[in-house]
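The structure appears below as structure tokens.
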Amino acid sequence: MTVPPLRRVLTVLAVVTLAVTAAPAVAAAEPDPKALTWTVQPATPSGPDQRRWINASLDPGQVVTEHLAVRNFSRNAVAFSLKAADGYLTDKGRFNMLSSDRPSVDGGTWIDVQEKVTVGPGETRVVPFTITVPEGAAPGDHPAGIAATVTSTGGTVNVESRVGFRVMVRVNGTVQASLPVQGLTARYTPSWNPFAGGTLRVRYTVGNDGNVWVSGTSRVAVSDLFGRTSHDATGGVEELLPGGSREMATRADGVWALGRLRTTVTTSPALLGDGQVGADLRPVSATVTTWVVPWAQLALLGLLAVLLVGLRAAIRHRRRRLAGLLARARQEGRQEGQESVLVGGGPADGEPDAGDARR
């Protein structure tokens, strides 16, 4: 059986994480036979600027022109392909853009840039591009990315390497942000040391069901059967794009539990990007109840109860023994007194005295 030629051709897309450092820095593509190295960053018509990425707040139907700068650090001139695509966050929270084999359907389709640019060795080229927001576009953030790519061929394998930056397009309108908590679980592990509290492990998923790019805070509070708070901690929620989610976990040590434990998680979103007046930022809470049996403390109480019962029984036994000894001592004393009277007493009436007999 002959394998069709098309199946012998594999296209491997190697995606280099987009440049999102605090200040533009040199970013190297995946090495190829020519050992190419280049950077791509936001720019003005005169050259690169200090922006990490592009934030654009636009109205539906509005068009804006921006610029990017491609710098070639290689010894040869390179023809770069310029591509835009929808943006997303990876599982590790790093920004990326869709690979070339996945079609864009949102912000990536709003960017229009020339297909290729040739950059000489050690040269920097500034390229304009436009962002066009469609009429009727939904308010909120529409993340995208733009990159300069190079495709190298090695046998039957094509490798696409790219370096770029994010383009955050916010369509003006009603902004809503909330971080709902889903899948909240709390598992309590008691300590077998009766004088130490147990460990509560809390897991949950935070989602972004709003229409903007946000981060936030997450507060975890644990209260006991009597409503006393035994653990209250606040942590950060890293950036989330609309529709994104992130798994969270926290651990509380030294939690004393008797019966019911209530674990409440409260999230508060914080708007990222350009601030917008009147944004609807909604705190969200979720609660889960865990029932706990404090086995170590119950075992200690049981042991103390057994010791107390045994001690009381021993005290009663000792008292009864002492009482018996005292009673027997009294009885023996009375018997000895009676015997001493009989042995050491005078003659009975009518009997002669021993001295009288001798006389």
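Just so you know, residue 1 is the first one in the sequence shown, and it goes up from there.
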Of all the heavy-atom pairs spanning [X] and [Y], show the shortest one and how long it is.
{"X": "G173", "Y": "P139", "result": "CA-CB, 3.8 Å"}
{"X": "N72", "Y": "F80", "result": "CB-CE1, 4.4 Å"}
{"X": "P45", "Y": "V126", "result": "O-CG1, 4.1 Å"}
{"X": "F95", "Y": "G87", "result": "CZ-CA, 3.7 Å"}
{"X": "A144", "Y": "G107", "result": "CB-C, 3.7 Å"}

* For residues W38 and F73, establish whether the separation of their ring centroids is below 6.0 Å. =>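 For W38 and F73, the ring centres are not under 6.0 Å apart.
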
[Y] versus [X], side-chain donor and acceptor atoms under 3.5 Å:
{"X": "D253", "Y": "T199", "result": "yes"}
{"X": "T250", "Y": "Y204", "result": "no"}
{"X": "D209", "Y": "S178", "result": "yes"}
{"X": "S74", "Y": "N76", "result": "no"}

* To do: State plainly whether the residues R260 and D224 are in salt-bridge range, i.e. N to O under 4.0 Å.
  =>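 A salt bridge is absent here (no side-chain N lies under 4.0 Å from a carboxylate O).
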
Show me the donor-acceptor pairs within less than 3.5 Å that the side chains of residues 313-328 make with the rest of the protein, sequence neighbours left out.
none

* Neighbour count >12 (heavy atoms, 6.0 Å) for atom CZ, R201 ->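 Counting other residues, nucleotides and ligands, CZ of R201 exceeds 12 neighbours.
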
Enumerate, atom names and distances included, each donor-acceptor pair closer than 3.5 Å involving a side-chain atom of residues 58-67, sequence neighbours excluded.
from: D59; atom 1: OD1; to: N172; atom 2: ND2; distance (Å): 2.8
from: Q62; atom 1: OE1; to: D59; atom 2: N; distance (Å): 2.9
from: E66; atom 1: OE1; to: R51; atom 2: NH1; distance (Å): 3.4
from: E66; atom 1: OE1; to: R51; atom 2: NH2; distance (Å): 3.2

Compile the donor-acceptor pairs under 3.5 Å between side chains in residues 238-247 and protein atoms, sequence neighbours left out, one pair per line.
from: E239; atom 1: OE1; to: R166; atom 2: NH1; distance (Å): 3.2
from: E239; atom 1: OE1; to: W213; atom 2: NE1; distance (Å): 2.6
from: R246; atom 1: NH2; to: E239; atom 2: O; distance (Å): 2.7

